[in-house]
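Here is the structure we will look at, set down as structure tokens.
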Amino acid sequence: MNDEQLHAMRHSLAHITATAVKQLWLHAKFGVGPVVENGFYYDIDIGETKISESDFKKIEKEMRRVVNQDQPFEHSTKQIDDAITWANESDQPYKAELLNDLKRSGTTVAKDLDAGEMGTIADGDSALEEVGFYTNGEFTDLCRGPHVESTGNVGAFKLMRVAGAYWRGNEKNPQMQRLYGVAFATQDELDTYLERLEQAKQRDHRKLGKELDLYTTSQLVGAGLPLFTPRGTVLRDIMAQYSNQLRQQRGFSKVWTPHITKQDLYEASGHWAKFGDELFLVTSQETNDKMALKPMNCPHHTQIYASQPRSYRDMPVRYLETTTDYRDEKTGELGGLNRVRSLTQDDSHVFARPDQIEQEIDGLLASARELYATLDMKLRVRLSYRDDSDAYLGEKSLWESAQAQLKTAVEKNQLDYFEQDGEAAFYGPKIDFMATDAIGREHQVATVQLDFVQPERFKLQYTDDEGSFQTPVMIHCALLGSIERFLSVFIEHTGGWFPLWAAPEQVRILTINDTVLDYVEEIEVVLRDTLLMQPVKYNELRFTRDDRNESLGKKIREATGMKIPVQLIVGPKDKEVREVSVRTQGGEEKVSLDTLSEYLKNV
RNA sequence: GCCGCUUUAGCUCAGUUGGUUAGAGCAACUGUUUUGUAAACAGUAGGUCCACGGUUCGAAUCCGUGAAGCGGCUCCA
């Protein structure tokens with residue numbers, strides 16, 4: 001089955017789902033029912049009635065009845081005005097809305113429509129003459145097609161879940177129920193897919209976070225506020241160290257800023273107007289100053305830049321700060337480490353002359369590439385542009401030039417990219433690096449952003465070679481993004497088998513009996529003196545010993561369960577010939593104590 | 001925030017139509033065992049069944065409110 005056929009099949013299943021729902025709930029009103037990755041969905045509004053997953057059995061049963069009847073999909077057309085009459089008479093207000101948009105603009109795609117007109121009744125001339133319909137059995141739907149010939153030709157399917165979804169993606173609109181299904185040409189392929197989904201759940205960072213003792217949460221502390229254990233903290237620190245190191249090599253200096261600030265700072269930056277309701281507010285009992293926990297760091301960094309006069313000779317000025325920010329995210333948006341209320345950014349800001357933008361962005365892109373190449377992670381690059389809404393500050397011509405500069409930079413660096421409107425920050429366009437989690441969801445990690453707005457708003461300056469004041473450009477960059485989110489994808493990417501340099505516990509010595517304890521002491525001296533220099537410098541070896549009164553089998557089982565990359569097995573035979581048995585994922589080999597340190601540096 | 005679902009021991013999970021004192025494995029603790037490649041043996045202890053209300057002679061179980069988590073939607077500086 002080719003992609004086109006698979007697409008037609010999945011789309012036909014969306015219609016079959018609607019057919020079944022209409023059969024079970026006569027007054028169901030329908031939104032749209034498109035194909036998505038691995039399946040399809042249909043948006044449905046049954047008024048007060050809410051479908052739950054316990055209804056899937058009867059819906060699927062009804063769907064199978066429709067499939068078994070092998071109803072042909074019949075295409076027909078209606079004049080646009082007749083179609084609108086049909087929608088109104090069939091009590092399908094959502095379809096009527098779509099038809100009115102079609103009549104007026106020839107499209108139902110929200111971003112191509114005038115926002116004020118969207119969903120209103122279209123008067124006057126039509127943008128198109130007629131629209132297509134498909135009918136199977138008693139169910140007729142506005143639809144472009146294509147479909148399979150008849151309902152009997154739809155392969156294997158399964159309803160997966162039901163979710164709320166705002167009509168046309170706008171939270172001011174009514175919320176419909178979105179019924180998700182997956183579908184494949186054969187039962188085998190469906191089973192394989194479901195099995196793969198189960199396997200992916202084994203890599204879920206929330207499961208591994210608990211199993212590997214990386215972080216925990218507490219109802220007393222609150223939602224979205226993860227607590228990192230000793231092991232998780234090693235991971236955080238080592239990743240931050242690497243990220244910092246990559247930029248310190250390129251001339252960035254560490255700075256430090258406080259975690260609370262007066263609101264005035266964000267009023268000046270423009271953040272208050274846009275994100276005011278997502279700030280954690282603090283009031284000084286002393287002065288009654290309205291303060292906030294910092295949700296980001298760029299405004300603070302501007303104040304360090306502004307603290308002294310800058311010459312064109314000083315530029316660029318590069319600041320780096322890995323620090324925790326606080327955002328009062330809506331409860332429903334929180335999830336694992338991916339979206340939290342306390343997020344640690346490996347944040348940096350370059351204040352540059354316009355002629356330095358290119359080299360600075362090149363340097364940051366090189367750092368991002370180096371980091372993710374070391375981690376063996378392949379990321380998609382998204383150029384995030386503005387759209388025509390009024391959500392953005394600054395002059396449009398500056399935006400256009402900034403967007404063009406970012407595009408040139410990714411092309412020059414030969415990054416595969418895609419462009420997306422409406423994804424920019426309010427102050428400028430972004431180059432976003434997108435990582436994929438265990439079940440295929442994409443998350444932004446690294447980002448490089450060009451900003452002409454904040455330097456202007458904070459009246460930042462430098463003196464040029466003719467003695468006149470100029471406004472610098474800001475380049476925002478985080479390589480990991482938020483450390484919490486980064487760890488969520490990194491844990492899922494590695495399945496918890498971290499590279500040796502990053503593993504919280506790198507080496508565990510497993511004893512066979514207590515006749516070797518003196519030899520273990522000697523091994524520990526060697527491990528204590530072993531220093532890894534790649535990719536993070538001065539990375540002292542993290543090791544433990546397991547000399548409990550337990551069987552070797554049990555010790556191996558536990559160490560492997562904790563995904564400790566190097567296990568050193570030490571028994572009387574090893575002691576006798578001054579070797580250790582080194583057990584890694586690759587297998588096991590004997591290494592002499594004299595060469596152990598070198599060996600570990602090259603694992 | 002919105003829609004649907006979930007919450008039982010440190011962890012993973014049983015627990016029938018509402019019916020005595022809520023169970024198991026692992027982990028923990030005690031004892032025995034000194035062990036060569038993924039779980040030694042025995043015993044002991046461990047619970048406000050997420051919280052608070054309600055229905056009932058009786059609630060882990062039914063209802064309400066809240067919290068926390070999961071899948072989406074919206075949002076993401």
Side-chain angles (χ1 to χ4, degrees), chain A residues 41 43 45 50-56 160-180 201 204 206-207 210-211 213 216-225 266 269-279 294-299 325 327-336 338-339 343 345 347 391 393 423-428 430 432 439 441 443-444 447 449 451 453-454 476 478 481-482 485 510-517 547-561 567 569-574 581 583 587-588:
Chain A
Y41 68 77
D43 284 348
D45 176 359
K50 298 295 177 200
I51 296 174
S52 96
E53 283 174 31
S54 55
D55 296 317
F56 284 5
M160 294 297 280
R161 58 184 59 95
V162 57
Y166 297 105
W167 168 238
R168 309 194 96 169
N170 185 337
E171 84 183 301
K172 294 190 180 78
N173 284 342
Q175 192 166 48
M176 309 188 72
Q177 288 204 292
R178 180 167 293 177
L179 226 50
Y180 280 97
K201 286 184 189 155
D204 189 309
R206 292 159 299 199
K207 180 176 158 70
K210 193 174 273 179
E211 286 174 6
D213 191 20
T216 187
T217 56
S218 157
Q219 290 203 11
L220 289 175
V221 174
L225 299 169
Y266 301 131
S269 70
H271 287 92
W272 181 256
K274 192 161 167 64
F275 297 110
D277 54 355
E278 285 158 62
L279 294 183
K294 67 174 172 181
M296 98 298 299
N297 317 299
C298 29
D325 296 337
R327 298 178 182 178
D328 196 0
E329 305 280 9
K330 293 177 188 160
T331 51
E333 288 159 353
L334 301 171
N338 181 51
R339 193 78 176 269
L343 59 141
Q345 293 199 26
D347 207 359
L393 300 182
E423 290 292 336
F426 73 84
Y427 49 71
K430 311 188 286 174
D432 292 324
I439 60 171
R441 297 175 292 198
H443 307 283
Q444 179 200 309
T447 182
Q449 312 175 354
D451 178 0
V453 170
Q454 291 193 67
H476 308 239
S482 108
R485 172 178 294 176
L510 312 181
T511 60
I512 283 167
N513 60 36
D514 52 20
T515 66
V516 296
L517 291 180
D547 55 8
R548 290 174 306 164
N549 179 10
E550 296 286 356
S551 69
L552 178 62
K554 183 167 184 168
K555 292 178 184 181
I556 289 175
R557 183 184 162 83
E558 286 183 11
T560 308
Q567 300 166 19
I569 293 164
V570 183
K573 293 176 207 162
D574 303 291
S581 307
R583 200 174 193 280
E588 187 169 321

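A, B, ... follow the sequence lines: proteins, then strands. Residue 1 opens every chain.
If you take atom P in B:rA27 and the same atom in B:rA42, they sit 13 Å apart, rounded to whole Å. With C1' as the reference atom, B:rU6 and B:rA38 are 33 Å apart, rounded to whole Å. Rounded to a whole angstrom, the distance from the C1' atom of B:rC3 to that of B:rU21 is 42 Å. Taking atom P on both nucleotides, B:rC76 is separated from B:rG15 by 43 Å, rounded to a whole Å. For the C1' atom pair drawn from B:rA45 and B:rC29, the interatomic distance equals 7 Å after rounding to whole Å.
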### Task
Heavy atoms under 4.0 Å is the rule here; annotate nucleotides 71-77 of chain B 5' to 3' with B where the base is hit, S where only the sugar-phosphate is, and - elsewhere.
BBBBBBB
### Task
Summarise protein proximity over nucleotides 60-68 of chain B in one line of letters, 5' to 3': B for base, S for sugar-phosphate only, - for none, counting protein heavy atoms closer than 4.0 Å.
-------SS
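A:Lys555 is listed as a side-chain neighbour of A:Thr511, based on a closest heavy-atom distance under 4.5 Å. Looking only at side-chain heavy atoms (C-beta outward), A:Glu588 and A:Gln567 stay at 4.5 Å or farther from each other. A:Pro295 is not listed as a side-chain neighbour of A:Glu278, based on a closest heavy-atom distance of 4.5 Å or more. A:Arg327 is listed as a side-chain neighbour of A:Leu343, based on a closest heavy-atom distance under 4.5 Å.
A:Ser551 has a side-chain polar atom (N or O) that falls below the 4.0 Å cut-off from OP1 or OP2 of B:rA40. Residue A:Lys554 has a polar side-chain atom (N or O) positioned under 4.0 Å from OP1 or OP2 of B:rA27.
Shown here are the ring pair (Phe, Tyr, Trp, His ring centres under 6.0 Å) partners of A:Tyr180, two or more places apart in sequence or in another chain: A:Tyr41. Remark: A:Asp347 pairs with no residue by the salt bridge (Lys or Arg N to Asp or Glu O under 4.0 Å) rule, at least two apart or across chains.
Looking at RNA chain B, the stems built from 3 or more consecutive Watson-Crick or G-U wobble pairs, each pair with its key distances under 3.5 Å, are B:1-7 with B:67-73, B:10-13 with B:23-26, B:28-32 with B:40-44, B:50-54 with B:62-66.
Of the charged side-chain nitrogens involved, at least one lies within less than 4.0 Å of a carboxylate oxygen, so that A:Glu558 and A:Arg548 count as a salt-bridged pair.
In this entry the distance linking CG of A:Leu179 with C1' of B:rC5 reads 14 Å, nearest Å. Atom CG of A:Asn513 and atom P of B:rU37 are 13 Å apart (whole Å).
In this structure a side-chain-to-backbone donor-acceptor pair under 3.5 Å is missing from A:Arg339 to A:Leu334.
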What does the list of N/O pairs under 3.5 Å between the protein and nucleotides 8-16 of chain B look like, with a distance for each?
none

